[in-house]
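Predicted model, so just to flag it, every value in this text is computed and none were measured. If you read the sequence from its start, that first residue is 1, and numbering goes on from there.
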Amino acid sequence: MCSVISRVKPVQRALASTLRLRTNADGLNYAAAQSRRFCPGFITGAQPLWVTSRSYCARIATTDGLLFRQLFEVESSTYTYLLADADTKEAVIIDPVLETIDRDLKFVSELGLKLTVAVNTHCHADHITSTGLMKKRLAGLKSAISKFSGASADIHLKEGDKIPFGRHSLTVRETPGHTDGCITLVTGDQTMAFTGDALLIRGCGRTDFQQGCAKRLYQSIQEKIYTLPDHCLIYPAHDYLGQTVSTVGEERKFNPRLTKSMEEFVKIMNNLNLPKPNKIDISVPANLVCGLHHV
């Protein structure tokens, strides 16, 4: 490499050196991200370069009349999802984070939306939800979470329940395993599924705390998520590598853990030896009371 660089012009030599350094840095950050990939709530000292500059990612929904935004929170690598009926402007928000409440409510205001429900896919361990404070700032907003989460909310969800917004709705599928109260939310036409921490992109949530059970998680994914159409888009609660969306077909074929047998999956999950999430001691108690504890 040095002999090649020495023969190019000064500007080209500088560029080549920069690219080499950037490649090395990206490699280090990729390694750091890999160590966190399947560990919602665990943040190492090294952060991938891309997260410092990205505040949100907006994607286009394939359903007619559905407004959709995918939003990102840097510290916990959490995705928040905003869905609305383009005609009635009724909207729901999924997994909102305390640190980004002003950004999220600004979107709601700018788009002229009426936010009716703020729903959490489970009781998070890596961040505090903003649902409680949102309710204080938006009249009529209701909070929702699984009835098996142990958390307080206006609406306790169970299998088959629907969350309507305008002429659209989200249907609840119970997908425990990461926690007892994990749910996946599926659009009416089954083109989008919001899987929380149950199924991640090429990964899954950990099962070593908060009622975690690897066998239940495997069954949940196989029976409640992989039974959706192959083209159904998968939107997880977290991603640590900059991935924004997958599909049921992709995950069924390429997910390195879920392509294994249940016995192999359980063995993998029981031997991860992951560190405890940094914020679990403050996040879980707060999220059990809609994010208002010590806020």
Side-chain angles (χ1 to χ4, degrees), residues 40-41 71 73 75-76 78-83 90-105 108 113-165 169-186 194-198 205-207 209-213 216-217 220 224 236-238 276-295:
L71 309 164
E73 195 279 315
E75 185 178 0
S76 60
T78 298
Y79 284 125
T80 295
Y81 300 98
L82 181 64
L83 298 93
E90 291 183 14
V92 299
I93 193 166
I94 301 171
D95 290 334
V97 180
L98 183 62
E99 285 79 2
T100 53
I101 185 172
D102 291 332
R103 177 205 64 186
D104 297 344
L105 292 183
V108 171
L113 305 179
K114 179 184 178 183
L115 197 58
T116 59
V117 179
V119 56
N120 283 291
T121 54
H122 63 293
C123 187
H124 300 276
D126 59 349
H127 68 270
I128 297 175
T129 180
S130 65
T131 53
L133 285 185
M134 274 192 176
K135 286 176 58 180
K136 290 179 176 292
R137 293 171 60 173
L138 289 179
L141 177 65
K142 295 185 180 299
S143 59
I145 198 168
S146 166
K147 71 174 186 177
F148 298 111
S149 66
S152 60
D154 298 310
I155 303 169
H156 283 106
L157 301 165
K158 62 183 185 302
E159 179 76 19
D161 282 350
K162 294 185 184 299
I163 303 174
F165 54 104
S169 66
L170 294 170
T171 301
V172 175
R173 293 194 175 198
E174 294 173 355
T175 49
H178 173 62
T179 74
D180 280 349
C182 285
I183 57 174
T184 289
L185 300 166
V186 184
F194 302 90
T195 56
D197 284 5
R206 58 193 291 181
T207 57
F209 64 87
Q210 276 186 288
Q211 318 97 39
C213 175
R216 288 188 78 193
L217 180 60
S220 292
K224 299 294 182 67
H238 301 278
K276 186 172 78 170
N278 290 343
K279 288 188 173 183
I280 187 172
D281 293 332
I282 60 172
S283 295
V284 172
N287 290 331
L288 288 173
V289 288
C290 217
L292 293 176
H293 181 58
H294 294 319
V295 172

Looking at Arg206, is its backbone amide N or carbonyl O close enough to the side chain of His178 to form a donor-acceptor pair, meaning the two atoms are under 3.5 Å apart? yes
Within a strict 4.5 Å, meaning less than it, do heavy atoms of the Arg216 and Pro176 side chains meet? yes
Sub-4.5 Å side-chain heavy-atom contact between Met134 and Leu105: yes
If we ignore hydrogens and angles and just use 3.5 Å, is the side chain of Thr80 paired with the main-chain N or O of Asp95 as donor and acceptor? yes
Look only at the side chain of His238 and the backbone of Ser76, and say whether a donor-acceptor pair between them is shorter than 3.5 Å. yes
Test item: Val92 and Thr116 side chains (from C-beta on) under 4.5 Å apart, heavy atoms: yes
For Ser152 and Cys290, work out which heavy atoms get closest and say how close. OG-N, 3.9 Å
Non-hydrogen atoms of Phe148 and Glu174 that approach each other most closely: CE1-OE2, 3.4 Å
For the pair Leu82 and Leu113, evaluate side chain to side chain contact (heavy atoms under 4.5 Å, CB included) and give the outcome as yes or no after the intermediate values. CA-CA 10 Å; Leu82 181 64; Leu113 305 179; 3.9 Å; yes
Please assess Asp281 against Lys276 for the test side chain to side chain contact (heavy atoms under 4.5 Å, CB included), listing each intermediate value before the final yes or no. CA-CA 10 Å; Asp281 293 332; Lys276 186 172 78 170; 3.1 Å; yes
Asp180 backbone acceptor or donor facing Gln211 side chain under 3.5 Å: yes
Would you check, one step at a time, whether the test side chain to side chain contact (heavy atoms under 4.5 Å, CB included) holds for Asp197 with Thr179? CA-CA 9 Å; Asp197 284 5; Thr179 74; over 6 Å; no
Salt bridge present between Lys224 and Glu159 (N-O < 4.0 angstrom): yes
So, does Ser149 use its side chain to make a donor-acceptor pair with the main chain of His122 at under 3.5 Å? no
Value rounded to 0.5 Å, distance of CG in Leu138 from CD1 in Ile93: 9.5 Å
Which atoms form the tightest heavy-atom contact between Asn287 and Ala151, and what is the distance? O-CB, 3.6 Å
Nearest heavy-atom neighbours spanning Lys142 and Asp154: CA-OD2, 3.3 Å
Do Ser130 and Val97 come within less than 4.5 Å of each other through their side chains, counting heavy atoms only? no
Considering non-hydrogen atoms only, spot the tightest contact between Leu288 and Cys123 and give its length. CD2-SG, 3.9 Å
Test your reading of the model: is there a side-chain donor-acceptor pair from Tyr81 to the backbone of Pro236, 3.5 Å cut-off? yes
Report the residues that fulfil ring pair (Phe, Tyr, Trp, His ring centres under 6.0 Å) with Phe165, sequence neighbours left out, ordered by chain and then residue number. His168
Determine, stepwise, if the pair Leu170 / Val117 fulfils side chain to side chain contact (heavy atoms under 4.5 Å, CB included). CA-CA 11 Å; Leu170 294 170; Val117 179; over 6 Å; no
When rounded to the nearest 0.5 angstrom, what is the spacing between CG in Leu292 and CG in Leu133? 5.5 Å
As a test of understanding, state which of Val186, Asp161, Thr195 forms a side chain to side chain contact (heavy atoms under 4.5 Å, CB included) with Arg173. Val186
Heavy-atom distance under 4.5 Å between the side chains of His156 and Ile145, does that happen here? yes
OG1 (Thr207) and CG (Leu217) are apart, to the nearest 0.5 Å, by 6.5 Å
So which atom in Thr131 and which in Ala118 form the shortest heavy-atom distance, rounded to 0.1 Å? CG2-CB, 3.5 Å
Please examine the side chains of Lys135 and Leu141, heavy atoms only from C-beta on, and report whether any two atoms are closer than 4.5 Å. yes
Nearest-0.5 Å distance that lies between atom CD1 in Ile183 and atom OG1 in Thr171: 11.0 Å
By salt bridge (charged side-chain N to carboxylate O under 4.0 Å, His left out), Lys147 pairs with (sequence neighbours left out) none
Between Glu99 and Thr78, is there a side-chain heavy-atom distance shorter than 4.5 Å? no
Taking the side chain as C-beta and beyond, is there a heavy-atom pair between Pro96 and Thr129 under 4.5 Å? yes
Set of salt bridge (charged side-chain N to carboxylate O under 4.0 Å, His left out) partners for Asp104, sequence neighbours left out: none
What's the separation between atom CD1 in Ile94 and atom CD1 in Ile163, rounded to the nearest 0.5 Å? 7.5 Å
